[in-house]
Amino acid sequence: MEARYWFRQAAWELPDAQYALGKLLLTDDVEVYDREEGIHWLTQAAEGENAYAAYRLGKELLKAGNTAEALPWLTMSAEADNPYAKYLLGKLYWEGEGIPQDMEQAVYWLTQAAEQGHPYAQILLEWQDSPFLPSAILAVNSLLHSIGQIFRNNAQTIDSTRNQHTDRKLRRRIQEKKIAMGHKPDDHEEQGYIGPIM
């Protein structure tokens with residue numbers, strides 16, 4: 001609540017504070033959530049040429065199903081070199097949801113995002129000749145990644161179990177050697193004891 005107060009005070013003069021206030025008001029925190037005011041402050045910051053505010057505003061408008069309104073804000077953010085906006089624009093043009101499908105624009109923006117290291121943009125570019133929608137491709141990729149993680153975790157569990165068996169066998173051999181050297185089976189040497197020095 002206090003953060004909201006101070007951001008509001010600063011937002012009258014600072015575009016960065018407008019952006020921060022807009023983000024704060026659009027969080028899941030029920031004490032501060034106010035969609036209408038959040039959109040207002042994001043719009044103010046985006047009009048002040050804050051590329052991150054334009055991206056966030058575009059995302060919020062997409063959530064509400066306003067693709068046509070979101071497009072100029074996402075384009076502004078992408079043109080200001082935001083890789084996330086570039087990726088989202090490429091995906092929108094590919095899917096053609098709410099706007100005409102344009103694969104040339106899709107490939108252009110996805111390539112730009114991929115060059116800046118966006119991993120999903122690269123995946124979509126590799127599948128650009130596929131008849132599937134990007135959301136299906138990304139869902140399959142996510143599923144395969146999760147399955148791979150399960151196999152890696154299971155392999156680590158098997159390796160650690162195998163190491164435990166090795167340790168048990170090693171302990172048994174050490175105990176057998178100690179017994180052969182004259183120690184009793186239940187004899188426990190002090191830690192760090194090396195033996196008599198001659």
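Reckoned from all heavy atoms, side chains included, excluding hydrogens, waters and symmetry mates.
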Could you tell me if the side chain of [Y] sits less than 4.5 Å from the side chain of [X], heavy atoms only?
X      : Y      : result
Glu126 : Gln122 : yes
Leu124 : Tyr87  : yes
Trp73  : Tyr55  : no
Leu61  : Thr67  : no
Leu42  : Leu25  : no
Arg35  : Leu26  : yes

When rounded to the nearest 0.5 angstrom, what distance separates [atom1] in [X] from [atom2] in [Y]?
X      : Y      : atom1 : atom2 : value
Ile39  : Glu69  : CD1   : CD    : 9.5 Å
Arg171 : Glu176 : CZ    : CD    : 13.0 Å
Leu21  : His40  : CG    : NE2   : 8.5 Å
Leu110 : Leu89  : CG    : CG    : 9.5 Å
Asn82  : Gln112 : CG    : CD    : 12.0 Å
Lys23  : Glu60  : NZ    : CD    : 11.5 Å

Check whether more than 12 heavy atoms from other residues, nucleotides or ligands sit under 6.0 Å from atom CD of Gln116, and answer yes or no.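 Result for CD/Gln116: enclosed.
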
Any link between [X] and [Y] through a network of hydrophobic side chains (Ile, Leu, Val, Met, Phe, Trp, Tyr) touching at under 4.5 Å?
X      : Y      : result
Leu125 : Tyr120 : yes
Trp109 : Leu74  : yes
Leu57  : Tyr52  : yes

Measure across [X] and [Y] and return the closest heavy-atom pair with its distance rounded to 0.1 Å.
X      : Y      : value
Lys86  : Ala113 : CB-CB, 3.9 Å
Gly90  : Ala106 : O-CB, 3.3 Å
Ala46  : Ala53  : N-CB, 3.7 Å
Ala114 : Ala121 : N-CB, 3.7 Å
Thr27  : Tyr33  : O-CD1, 3.0 Å
Lys59  : Leu88  : CG-CD2, 3.7 Å

Would the distance check show the side chain of Gln101 and the main-chain N or O of Gly96 forming a donor-acceptor pair, the cut-off being under 3.5 Å? no

What do the steps show when you test Met103 against Trp94 for side-chain contact (heavy atoms from CB on, under 4.5 Å), and what is the final call? CA-CA 6 Å; Met103 284 306 286; Trp94 183 333; 3.8 Å; yes

Derivation and outcome, side-chain contact (heavy atoms from CB on, under 4.5 Å), residues Leu24 and Asp29: CA-CA 8 Å; Leu24 176 68; Asp29 186 346; 6.0 Å; no

Begin from the C-alpha positions of Ile99 and Tyr93 and carry the test side-chain contact (heavy atoms from CB on, under 4.5 Å) through to its verdict. CA-CA 7 Å; Ile99 59 170; Tyr93 279 117; 3.7 Å; yes

Going by the rule ring pair (Phe, Tyr, Trp, His ring centres under 6.0 Å), which residues pair with Tyr84 if we only count those two or more places apart in sequence or in a different chain? His118

